[in-house]
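Beneath this line is the structure, given in structure tokens, with notes to follow.
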Amino acid sequence: MEESQELVLTQLRKSVEKLSSSTEGYEVPTLMRFLVARSMNPDKAAKMFVDWQKWRASMVPPNGIADSEVKDELDFRKIYLQGLTKSGQPLVLCQVSKHFPAKDQVTFKKFVVYVLDKTIASGTKGKEVGDEKLVAIIDLSNITYKNLDARGFITGFQFLQSYYPERLAKCYILHMPGFFLTVWRFVCRFLEKATQNKIVIVTDEEEERNFKEEIGLDALPEEYGGRAKLTLIQDVLLHQATP
């Protein structure tokens, strides 16, 4: 490890202690995610880290969120977990035509955490290292006005930004209809520049070729030009869900 990196990590740990918390039990890759997300500023990274600890303690039980807690959202059968991309990152897919704005926002937020936690955990080989990233596909084909949910999009991206820093490798948005553009422009107001840079709206043949090449045909479902079968997230069994 570089001396400068070691120094900023030491400063981060001290800043966390000043906020009446501790980094004990967290490996360097985890701490580095918070530093990178806050431009290597140890004080800002420490605040983000402690906010995340408090949020995690209030939102997520020790053994993770159970399927039974988010059954209403799972019953829409809209989220799929597809194994690993060509670069070894877990692939999660959302078919928005099966999504409807949630009446219960607390349950929906738990569902977002359930999806992100399970996706990350599916990419670990045993114990989590701390720097695992995920790839997401958001499929907007066949959506109608009933599926429009700016609040849901904002919640998902804000959770990624605030509580899962540096977890998103890339997000591909497929089949965006013209009437969704207004919604998307509104959502983008809430996205940090770093998040926006990881989002690819696939609109032409070249972008589609790149999308398939980067995902890899073994992970990409047949419906999208790959060789894999669609696998609902609730049908994927993991040894242990990991934050």
Side-chain angles (χ1 to χ4, degrees), residues 21-23 25-27 29-31 33-34 37 48-84 89-96 98-139 147 149-169 171 187 190 195 219 230-243:
S21 191
S22 171
T23 58
Y26 296 97
E27 301 293 337
T30 296
L31 301 179
R33 285 194 294 106
F34 288 88
M48 186 185 199
F49 180 80
V50 173
D51 287 347
W52 166 73
Q53 285 180 313
K54 291 175 181 175
W55 169 84
R56 189 93 198 160
S58 66
M59 172 68 81
V60 189
N63 293 321
I65 294 171
D67 290 31
S68 58
E69 292 186 66
V70 292
K71 182 180 181 302
D72 289 350
E73 291 291 336
L74 287 173
D75 284 348
F76 287 119
R77 301 168 69 86
K78 59 190 172 185
I79 304 289
Y80 301 85
L81 199 49
Q82 292 302 129
L84 303 181
Q89 294 156 335
L91 175 65
V92 62
L93 163 68
C94 176
Q95 293 182 338
V96 181
K98 299 176 184 177
H99 169 80
F100 301 93
K103 294 174 183 174
D104 182 348
Q105 285 298 312
V106 173
T107 299
F108 180 71
K109 287 176 180 178
K110 284 186 176 181
F111 181 65
V112 172
V113 174
Y114 168 91
V115 169
L116 293 175
D117 279 5
K118 193 164 185 178
T119 302
I120 292 164
S122 73
T124 63
K125 297 179 177 67
K127 189 176 185 296
E128 180 193 350
V129 174
D131 59 356
E132 294 86 355
K133 295 178 183 285
L134 63 87
V135 175
I137 298 174
I138 299 173
D139 179 9
N147 306 118
D149 185 14
R151 187 177 184 179
F153 265 91
I154 292 165
T155 296
F157 280 115
Q158 285 191 329
F159 272 30
L160 272 169
Q161 291 176 166
S162 299
Y163 307 124
Y164 296 83
E166 296 300 307
R167 287 296 201 185
L168 181 65
C171 176
V187 170
F190 298 85
T195 302
L230 278 169
T231 307
L232 284 165
I233 191 166
Q234 57 263 48
D235 292 340
V236 175
L237 298 177
L238 302 177
H239 295 301
Q240 179 70 43
T242 308

**Request:** Taking Gln161 for its side chain and Phe159 for its backbone only, find out whether a donor-acceptor pair lies under 3.5 Å.
**Result:** no
**Request:** May I ask you to test the Arg167-Leu116 pair for a side-chain heavy-atom distance under 4.5 Å?
**Result:** no
**Fill in**
From the list Leu81, Val115, Thr119, side-chain contact (heavy atoms from CB on, under 4.5 Å) with Leu134 holds only for Thr119
**Request:** Say whether, by atom type as modelled, one donor and one acceptor occur between the side chain of Arg151 and the main chain of Pro101 under 3.5 angstrom.
**Result:** no
**Check ion pair Lys110-Asp72 (N to O, under 4.0 angstrom)** = no
**Prompt:** Can you check whether Ser122's main-chain N or O pairs, donor with acceptor, with Glu132's side chain at less than 3.5 Å?
**Reply:** no
**Message:** If you define the side chain from C-beta out and look only at heavy atoms, does anything of Asp117 sit under 4.5 Å from Ile65?
**Reply:** no
**Prompt:** Do you know which two heavy atoms are closest between Ala37 and Pro165, and how far apart they sit?
**Reply:** CB-CB, 3.6 Å
**Sequence-distant partners of Tyr26, ring pair (Phe, Tyr, Trp, His ring centres under 6.0 Å), two or more places apart** = Phe49, Trp52
**Asked** Distance from Leu84 atom CG to Leu91 atom CG, nearest 0.5 Å?
**Response** 9.0 Å
**Fill in**
Heavy-atom nearest pair, Ala102 first then Asp149, reads N-OD2, 4.4 Å
**Request:** Would you mind reporting whether Thr195 and Leu160 have side-chain heavy atoms less than 4.5 Å apart?
**Result:** no
**OG-CH2 distance between Ser162 and Trp55, expressed to the nearest 0.5 angstrom** = 9.0 Å
**Item:** Atom pair CD (Glu166) and CZ (Arg33), whose distance is rounded to the nearest 0.5 Å
**Value:** 8.5 Å
**Val113/Tyr164 under side-chain contact (heavy atoms from CB on, under 4.5 Å): CA gap, chis, key distance, verdict** = CA-CA 10 Å; Val113 174; Tyr164 296 83; 3.4 Å; yes
**Prompt:** How about Ile79 and Phe111: do any of their side-chain heavy atoms sit closer than 4.5 Å?
**Reply:** yes
**Fill in**
side-chain contact (heavy atoms from CB on, under 4.5 Å) with Leu93: of Ile233, Thr231, Ile138, Leu230, only one passes, and it is Leu230
**Request:** Would you mind checking if Lys71 and Asp67 are paired as a salt bridge, meaning a charged N to carboxylate O distance below 4.0 Å?
**Result:** no
**Prompt:** Between Phe76 and Phe100, does the ring centroid distance fall short of 6.0 Å?
**Reply:** yes
**Main-chain N/O of Val236 paired to Lys118 side chain as donor or acceptor, under 3.5 Å** = yes
**Message:** Are Arg77 and Gln95 packed together at the side-chain level, in the sense that at least one heavy-atom pair is separated by less than 4.5 angstrom?
**Reply:** no
**Item:** From CD (Gln234) to CD (Glu73), nearest 0.5 Å
**Value:** 11.0 Å
**Prompt:** Excluding sequence neighbours, so at least two apart, what forms ring pair (Phe, Tyr, Trp, His ring centres under 6.0 Å) with Phe108?
**Reply:** His99
